[in-house]
K.L.:
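Handing you this structure, nothing more for now.
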Amino acid sequence: MKIALAGPYPVGTLEQFQELLPAQEFFSVATQEEYEALADVDCVVVRVLKTPESVLANKPSLKAVIRWGAGYDSVDIQAAGRRGIPVLNTPGVNAYTVAELALGMMITLNRKVLGYWSNVQRGNWDRGAFTSLSLNHKTVGIVGGGNIGRRMAALVQALGAQVIYFDAFRLAPEREQALCMTYAPLEELVEKADLISLHVPLLDSTRHIIGAEQLARMKPDACLINTARGGLVDDAALLQALRAGQLAGAGLDCVEDENSSVTQGLMTAPNVLITPHIGGSTTDLADAMIPAVAASIQSVFEGKDVKNVVNKAYLPAN
């Protein structure tokens with residue numbers, strides 16, 4: 001079986017796959033153009049590149065698309081389903097890396113690290129220049145009760161915060177109790193939380209889940225963290241809210257449009273921290289991700305029932 005690793009991967013990824021599955025043929029395609037042109041392939045592992053219908057159209061032997069990570073909005077799952085191609089993801093594997101970044105952003109914003117660092121660079125060592133807050137006794141609102149959201153809850157609870165959460169699919173009461181996560185409707189969550197962290201996929205139902213209405217309900221000293229997907233937040237509304245003092249700051253690992261004037265405005269705001277979608281991109285993540293993806297590849301190769309198929313609803317009925 002010919003397996004393409006589409007996009008950039010940590011050094012040694014190809015070799016690790018070859019070692020785990022020596023009977024399979026692995027190769028790399030680095031760019032979107034190469035991915036588009038690729039025709040002779042049985043399975044694709046895709047990390048950063050996009051998989052629209054045009055990418056699927058010229059791959060007649062393609063048996064599966066496997067996402068390196070949990071999100072799959074970059075893959076046209078309906079088009080894949082129409083062609084009988086299952087799309088798999090790897091949920092939970094990168095939960096700890098994304099949650100770590102979200103926590104780091106929370107601490108950086110709450111402790112006013114950016115402002116203090118800017119002051120120190122200018123020779124101002126005043127320790128009382130900003131109102132700095134800890135996570136202890138704060139209320140953290142988590143939007144999304146999946147693997148990453150639950151990992152996030154554990155991290156902030158370890159630092160003394162209490163957790164409320166919202167999810168379209170509420171956890172069972174006993175699960176909520178075990179995780180010390182209290183359910184709240186989204187409107188209530190945005191009003192009560194001192195910090196809000198987003199951990200849901202980008203779907204039609206979640207696009208702009210945080211918009212002007214939700215931002216207006218937030219506490220003026222609250223911070224918003226988005227390490228999930230650009231599009232969950234109405235970035236134009238966020239910029240306006242920040243300028244109006246409706247919230248204290250934002251940590252964004254993703255934006256709606258990297259080249260827009262709105263993003264330029266967010267980048268120049270003193271209370272905004274932006275990173276280039278690195279939440280699930282630590283080098284050592286490969287040590288956990290490669291075995292999980294390899295197991296999925298092996299299931300596809302052996303014709304077994306594969307796990308974590310995200311487009312079952314669009315696949316032909318057996």
K.L.:
Linking I/L/V/M/F/W/Y whenever their side-chain heavy atoms sit closer than 4.5 Å, directly or via other members, would Val93 and Tyr9 fall into one cluster?
P.N.:
yes
K.L.:
Check whether Gln214 reaches the backbone of Val190 with its side chain - one donor and one acceptor, N or O, closer than 3.5 Å.
P.N.:
no
K.L.:
Closer than 3.5 angstrom, by distance alone: can the side chain of Ser299 be matched with the main-chain N or O of Lys304 as a donor-acceptor pair?
P.N.:
no
K.L.:
Please name the pair of heavy atoms, one in Trp68 and one in Val293, separated by the smallest distance, quoted to 0.1 Å.
P.N.:
CE3-CG2, 4.5 Å
K.L.:
Quickly, which of Leu62, Ile3, Val55 forms a side-chain contact (heavy atoms from CB on, under 4.5 Å) with Val44? Name it, please.
P.N.:
Leu62
K.L.:
Tell me every residue that passes ring pair (Phe, Tyr, Trp, His ring centres under 6.0 Å) with Tyr116, counting only those two or more places apart in sequence or in another chain.
P.N.:
Phe130
K.L.:
Would you say that Glu213 contacts Arg217 through its side chain, given a criterion of any heavy-atom pair below 4.5 Å between the two side chains?
P.N.:
yes
K.L.:
Please answer whether the main-chain N or O of Lys50 pairs with a side-chain N or O of Gln32 as donor and acceptor at a distance below 3.5 Å.
P.N.:
yes
K.L.:
So if you build clusters from Ile, Leu, Val, Met, Phe, Trp, Tyr with side-chain heavy-atom gaps below 4.5 Å, do Leu266 and Met106 land together?
P.N.:
yes
K.L.:
Quick one, Leu109 and Asn271 - any side-chain contact, counting heavy atoms below 4.5 Å?
P.N.:
no
K.L.:
Answer yes or no: does atom CD of Gln264 have more than 12 heavy-atom neighbours from other residues, nucleotides or ligands under 6.0 Å?
P.N.:
yes
K.L.:
Any link between Leu239 and Leu198 through a network of hydrophobic side chains (Ile, Leu, Val, Met, Phe, Trp, Tyr) touching at under 4.5 Å?
P.N.:
yes
K.L.:
Does the side chain of Ser118 come within less than 4.5 Å of Arg122's, by heavy atoms?
P.N.:
yes
K.L.:
Hey, mind stepping through Met105 and Leu252 against side chain to side chain contact (heavy atoms under 4.5 Å, CB included) and telling me if it holds?
P.N.:
CA-CA 8 Å; Met105 285 184 163; Leu252 308 173; 5.8 Å; no
K.L.:
CD/Glu36 to OG1/Thr51 distance, rounded to the nearest 0.5 angstrom?
P.N.:
10.0 Å
K.L.:
What distance do Cys43 atom SG and Gln298 atom CD have between them, rounded to the nearest 0.5 Å?
P.N.:
11.0 Å
K.L.:
Applying side chain to side chain contact (heavy atoms under 4.5 Å, CB included) to Asn147 and Arg151, what does each step give before you reach the verdict?
P.N.:
CA-CA 6 Å; Asn147 289 297; Arg151 178 64 70 106; over 6 Å; no
K.L.:
Show the atom names and distances, to 0.1 Å, of all donor-acceptor pairs under 3.5 Å that link a side chain in residues 20-31 to residues at least two apart or in another chain.
P.N.:
from  : atom 1 : to    : atom 2 : distance (Å)
Gln24 : OE1    : Met1  : N      : 3.3
Thr31 : OG1    : Glu34 : N      : 3.1

K.L.:
Please report the interatomic distance CD1(Ile142) to CE(Met152), rounded to the nearest 0.5 Å.
P.N.:
6.0 Å
K.L.:
How long is the span from the CZ atom in Arg111 to the OG atom in Ser132, to the nearest 0.5 Å?
P.N.:
4.0 Å
K.L.:
Please check: side-chain N/O of Arg67 versus main-chain N/O of Gly71, any donor-acceptor pairing under 3.5 Å?
P.N.:
yes
K.L.:
To the nearest 0.5 Å, what is the distance between CG on Asp167 and CZ on Arg150?
P.N.:
9.5 Å
K.L.:
List the steps and the verdict of side chain to side chain contact (heavy atoms under 4.5 Å, CB included) for Asp221 and Thr131.
P.N.:
CA-CA 10 Å; Asp221 59 351; Thr131 300; over 6 Å; no
K.L.:
Say whether, by atom type as modelled, one donor and one acceptor occur between the side chain of Glu191 and the main chain of Glu188 under 3.5 angstrom.
P.N.:
no
K.L.:
Between the main-chain N or O of Leu38 and the side-chain N or O of Lys59, is there a donor-acceptor pair closer than 3.5 Å?
P.N.:
yes
K.L.:
Has Glu258 got more than 12 heavy atoms of other residues, nucleotides or ligands less than 6.0 Å from its CD?
P.N.:
no
K.L.:
Kindly say whether Asn124 contributes a backbone atom to a donor-acceptor pair with the side chain of Asn119 at under 3.5 angstrom?
P.N.:
no
K.L.:
So, taking the atom named CD in Glu176 and the one named CG in Leu171, what distance separates them when rounded to the nearest 0.5 Å?
P.N.:
5.5 Å
K.L.:
Is Val140 linked to Val98 within one hydrophobic cluster, defined over Ile, Leu, Val, Met, Phe, Trp and Tyr using a side-chain heavy-atom separation of less than 4.5 Å?
P.N.:
no
K.L.:
Could you tell me whether a side-chain N or O of Asp204 sits under 3.5 Å from a main-chain N or O of Arg207, the two making a donor and an acceptor?
P.N.:
no
K.L.:
Do Val310 and Val75 make a side-chain contact, defined as non-hydrogen atoms from C-beta onward lying under 4.5 Å apart?
P.N.:
no
K.L.:
Given the rule that I, L, V, M, F, W and Y join up when any side-chain heavy atoms are under 4.5 Å apart, are Tyr165 and Leu232 in one cluster?
P.N.:
yes
K.L.:
Compare every heavy atom of Ala39 with every heavy atom of Pro60, then report the nearest pair and how far apart it is.
P.N.:
CD-O, 4.0 Å
K.L.:
Identify, with sequence neighbours excluded, every residue that meets side-chain hydrogen bond (donor to acceptor under 3.5 Å, both in side chains) alongside Thr97.
P.N.:
none
K.L.:
Hey, does the side chain of Tyr72 reach the backbone of Asn311 with a donor-acceptor pair shorter than 3.5 angstrom?
P.N.:
no
K.L.:
Which of these, His137, Lys219, Gln162, sits in a side chain to side chain donor-acceptor pair (under 3.5 Å) with Asp194?
P.N.:
Lys219
K.L.:
Between Thr206 and Pro201, is there a donor-acceptor pair closer than 3.5 Å when you use the side chain of the first and the backbone of the second?
P.N.:
yes
K.L.:
Please lay out, stage by stage, how Asn226 and Cys254 fare under the test side chain to side chain contact (heavy atoms under 4.5 Å, CB included).
P.N.:
CA-CA 7 Å; Asn226 182 13; Cys254 43; 3.7 Å; yes
